[in-house]
Amino acid sequence: MPEEKEKTPKEEIHQIEGTIEHVLFRNEENGYAALTLALADELVTATGEFGDVEAGERLRLTGDYVTHPRYGMQFRAETCERMLPNTEESIRRYLSSGIIKGIGDVLARKIVDVFGVQTLDIMEKEPHRLMEVRGMSKKKCRQIASEAKHIFELRGVVAYFESYGIRSRYAIRAYRTWGSDCQDIIADNPYLLCDEEIGLDFRSAEGLAREFHIAMDSSSRVGAGILYLLRHNLNNGHTCLPLDRLSAAAMKFLEIGESTFYDAYQQQRQEETIVEYIKSGSAREFVYLKEYYDAERFITDRIGVMRDFGIRDSSNFDEMIANAEKESGMTYAELQKEAIRSALSRGLLILTGGPGTGKTTTLNAIISCFEKQGNQVVIAAPTGRAAKRVADLTGYDARTIHRLLEVQFDPDGSQKFNHNEENPLKCDVLIVDEMSMVDVLLFSHLLRAIRLGCKMILVGDSDQLPSVGAGNLLQTLISSGCMPVVELKEIFRQAQQSLIVTNAHRIVHGEMPDIMQKNNDFFFFHRTEFDQAAVLLVDLVCRRLPAAPQYRFDPVKDIQVICPSRQGTLGVIEMNKSLQARLNPPAADKAQVRSMLYEFREGDKVMQTKNNYDITWSKDGENGEGIFNGDIGVIRSINRRRGEAVIDFEGRVTVYPTTMMEQLELAYAITVHKSQGSEFEAVVMPLLGKYEKLSYRKLLYTAVTRAKKLLIIIGTPQKIEQMVNNHQSSNRYSCLRDMLERSMKTETEHDPDDPESIFA
């Protein structure tokens, strides 16, 4: 690489121009490609959305140099200007590349020998002249002319869209969908680019629509806006929206009238992009994107089949339970025995309960009994940290659900699962831990991947925060009564000694936790001023707790600050900066690199903020792939000259290009949502400020139950009381419960002529 491109790990904008030597990889769906580009004095590997480029073409690329963890230094192109080959040799190589079916190396040489540098111009505008090439038949000429026409058309389409700022991936998808007419089709209705097979964002289509003078009240605009609002509200946890709420939001957002909305709405229903559902005993309509309706419908149908599959007499397992007690040296409580019997005798079971109620003990007994029967047991969890935690607790291997289903990601981020109805998982029992974190769409994929005879045990705490994705799945499955549920309620004697455990149960029941005791594992420091609370928090984490002889906590490895909010004096961002300044200040011998939010240094505690399945790592001589959202690690070294950082994620050591460190955040402090599925030796939590949307019981309960040995809250009793009393945070629109209850009613009544229909 040129010297100026190595001297700094910060992203810089460069422009390079060269001829394609080889296309190394191409995704036909979105135009993403990796290729080698011959510059004036070197070969460069370049990646980007290049479309149907082939060897011999000239490209002018704008972007930056990055270091891929597997493939090394590359040029990542943000824009690509394609220029047809302009020399006889490059034209020959271009035609020889196979871009035009029917032209190989020999014929390419013959064509270029006849037409020279005019070859491509003639093939586009006067393809009949190919008959001048010796040995060219009429049939061959027509075939090549037809193939060449598609190539030049696609190039024109890409250039057309790029002139409006629309990236090539969308142009390629549009051309494959509508062919040479796509420019006219999109000029008439640019909102077609928002269809799932194309995937352009609604707001980007709005800009294009203004260029084409599309009316504000056009049905195409309003229909696309309705779909956009439904997709947007998936991020708020809603799998559907009431029609009255959707109509009001759409009329305000799109600045349209009621009749305009309903005309477009009915058109979308007819086209089956949305589905309308009416709950039992209600006249209120709920509106789904079809994918999410299909997911909730599939969950309902599959649970109906699995629920009673292979039912056996639960009393037959008493001897097995007695043997398990002897082997473990434990005496199981009656509810624990009931859970074991239900797991062994039914096709489905939900095992739930708060801290200290013996879920892990029960789960271990269930696994042991299944294995004695010769069953193959597989354990999964929604996140990497949750999978590691259940593996540590049970002693059995556990994988993330995505890993279990063998997810495959395209460069544009879309995902597919290798395991499904046609390729089911090879297991007899599937145990899913931390079910409160699993969303509707992921659960439907999981159900599609298991055989009908496979038993499923769902383990979780429904009092914790619901999933980041749409739906409130675990709570819905429990409240619907669609499958056996065993809730462990007894707090065992050893756990009763922990104020963390007893206070967690008080919070769940809407009672104020005991914040007065000073000789247990739950401490409260009363502070009313933000600055004072911040100073105390930093001092506790950095000095007092590590120095206390009864704790000796490592401030990085053992102590975790958990904040309700990202913003503010006591939010994640400011707390991270304050803690970093004390725990890992800058030094002359300590390399550092800047991201948009933080200055990362050697020794910093960091968290991955998105799933990345391409990162390779090594641990104890073994290699693997994937660092996931929520994984916490420590930066071991930073090499600014090479633009790399070595990061240790709890033994999994990986090399990050510094350009990829935007995927990281400092992790001395994290949000409650990011902490879910994890446990820490000590947790310190500030509770001051309004942040009304984050002041509710489930959030407080989830934070409290992250602490294993010590929990410290800094704030006011009033804020704690406010959160304990607020139990209205997690209401999410979904019709899954109604579907499940209606399905069970239908099974019970066996009434095929039920006049109530799930369709409006």
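Keep in mind that what you see is a predicted model, and the values were worked out from it rather than measured.
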Query raised in the report: Taking the side chain as C-beta and beyond, is there a heavy-atom pair between Ile712 and Leu540 under 4.5 Å?
Result: yes
To the nearest 0.5 Å, atom CD of Gln464 lies from atom CD of Gln676 at 5.5 Å
Applying salt bridge (charged side-chain N to carboxylate O under 4.0 Å, His left out) to Arg527 and not counting sequence neighbours gives none
Between Leu349 and Ser342, the two heavy atoms sitting closest are CD1-CB, 3.8 Å
Original post:
Any side-chain heavy-atom pair from Glu741 and Cys482 closer than 4.5 angstrom?
Top reply: no
- Is the NZ or CZ atom of Arg448 positioned over Phe298's six-membered ring, under 6.0 angstrom from the centre and within 45° of the axis? yes
Value for CZ (Arg245) from CG (Leu229), rounded to nearest 0.5 Å, stands at 12.0 Å
Here the side-chain hydrogen bond (donor to acceptor under 3.5 Å, both in side chains) pairs for residues 711-724, sequence neighbours left out, are Glu692-Gln722, Ser695-Lys719, Lys719-Gln722
### Query
Looking only at atom types and distance, does a side-chain atom of Asp439 sit under 3.5 Å from a main-chain N or O of Ala470, one as donor and one as acceptor?
no
Shortest non-hydrogen pair, Gly651 vs Asp648, comes out as N-OD1, 2.6 Å
request  = Check whether the side chains of Asp738 and Tyr277 place a donor and an acceptor atom closer than 3.5 Å, and report yes or no.
outcome  = yes
Value for OG (Ser444) from CG (Asp294), rounded to nearest 0.5 Å, stands at 9.0 Å
So do the side chains of Leu687 and Pro564 get within less than 4.5 Å of each other, counting heavy atoms only?
yes
* **Gln580 and Tyr598 side chains, donor-acceptor separation under 3.5 Å** => no
- Query: Between Thr352 and Gly460, is there a donor-acceptor pair closer than 3.5 Å when you use the side chain of the first and the backbone of the second?
  - Reply: yes
Rounded to the nearest 0.5 angstrom, the CE-CD distance for Met435 and Gln475 is 12.0 Å
Less than 4.0 Å between a side-chain N and a carboxylate O, is that true for Arg341 and Glu334?
yes
Can you tell me if Gln336 and Thr362 form a side-chain donor-acceptor pair at under 3.5 Å?
yes
Between Arg706 and Leu711, does the side-chain contact (heavy atoms from CB on, under 4.5 Å) criterion hold? Intermediate values first, please. CA-CA 9 Å; Arg706 299 310 91 202; Leu711 174 72; over 6 Å; no
Given the options Lys388, Gln608, Arg652, Asp631 meets side-chain hydrogen bond (donor to acceptor under 3.5 Å, both in side chains) only with Arg652
Asn236 side-chain N/O to His238 backbone N/O, donor-acceptor pair under 3.5 Å:
no
The complete set of salt bridge (charged side-chain N to carboxylate O under 4.0 Å, His left out) pairs with one or both residues in residues 504-518, sequence neighbours excluded, reads none
ask   = Would you call the rings of His445 and Phe417 parallel, tilted or perpendicular, where under 30° means parallel and over 60° means perpendicular?
value = tilted
Go through it in stages, so that I can follow the logic: the residues are Glu490 and Leu488, the test is side-chain contact (heavy atoms from CB on, under 4.5 Å), and I'd like the CA-CA distance, side-chain angles, deciding distance and then a yes or no. CA-CA 6 Å; Glu490 179 184 350; Leu488 302 178; over 6 Å; no
Residues at least two apart in sequence or cross-chain that pass salt bridge (charged side-chain N to carboxylate O under 4.0 Å, His left out) with Arg566, listed by chain then number, are Glu665
With side chains defined as the heavy atoms from C-beta onward, is the minimum distance between Lys279 and Cys735 less than 4.5 Å? yes
Lys577 meets the salt bridge (charged side-chain N to carboxylate O under 4.0 Å, His left out) criterion, sequence neighbours left out, with none
For Leu477 and Ser480, the nearest pair of non-hydrogen atoms, with its separation, is O-OG, 3.1 Å
Within-4.5 Å side-chain heavy-atom neighbours: Ser675 and Gln560
no
*Donor-acceptor pair, side chain of Arg697 and main chain of Val508, under 3.5 angstrom*: yes
Margin query: For Lys709, is there an ion pair with Asp558 - N to carboxylate O distance below 4.0 angstrom?
Written below: no
Practice problem: Indicate whether any N or O donor in one side chain lies under 3.5 Å from an N or O acceptor in the other, for Thr383 and Glu434. | Solution: no
- Take atom NE2 of His509 as the centre, draw a 6.0 Å sphere, and report whether it contains more than 12 heavy atoms from other residues, nucleotides or ligands. no
Of all heavy-atom pairs linking Ser436 and Asp461, the shortest is CB-O, 3.7 Å
The side chain to side chain contact (heavy atoms under 4.5 Å, CB included) partner of Val541 among Val556, Leu536, Leu579 is Leu579
Ring pair (Phe, Tyr, Trp, His ring centres under 6.0 Å) filter on His419, not counting sequence neighbours, yields none
**Item:** Flag, side chain of Asp521 to backbone of Ala682, donor-acceptor distance under 3.5 Å
**Value:** no
(message) With a 4.5 Å cut-off on side-chain heavy atoms, are Ile720 and Phe524 touching?
(response) yes
Tightest non-hydrogen contact, residues Asn584 and Asp604, listed as ND2-OD1, 2.8 Å
Min side-chain heavy-atom separation Glu679-Thr705 under 4.5 Å: no
With Leu348 as partner, the option from Lys455, Met456, Arg302 fulfilling side chain to side chain contact (heavy atoms under 4.5 Å, CB included) is Met456
Would you say Thr609's side chain and Gln663's backbone share a donor-acceptor pair under 3.5 angstrom?
-> yes
When every non-hydrogen atom of Val378 is compared with those of Cys427, the smallest separation belongs to CG2-CB, 3.5 Å
- Message: For Leu474 and Met437: C-alpha separation, side-chain torsions, deciding distance, then whether side-chain contact (heavy atoms from CB on, under 4.5 Å) applies.
- Response: CA-CA 8 Å; Leu474 180 59; Met437 301 175 68; over 6 Å; no
Between Ser743 and Met739 (side chain of the first, backbone of the second, donor and acceptor by atom type, cut-off under 3.5 Å), is there such a pair? no
Output for pair (Ile366 CD1, Leu351 CG), nearest 0.5 Å, gives 5.5 Å
One should read off an interatomic distance between Leu664 CG and Glu662 CD, to the nearest 0.5 angstrom, of 9.0 Å
Is there a side-chain contact (heavy atoms from CB on, under 4.5 Å) between Leu736 and Leu473 once you walk through the steps?
CA-CA 8 Å; Leu736 179 58; Leu473 183 65; 3.7 Å; yes
Just by distance, do the side chain of Asp433 and the backbone of Val390 share a donor-acceptor pair under 3.5 Å? no
Query raised in the report: With a 4.5 Å heavy-atom cut-off, do Ser462 and Glu487 have their side chains touching?
Result: no
So Thr239 and Glu296, side-chain hydrogen bond (donor to acceptor under 3.5 Å, both in side chains) or not? Walk me through it. CA-CA 9 Å; Thr239 63; Glu296 293 198 347; 2.8 Å; yes
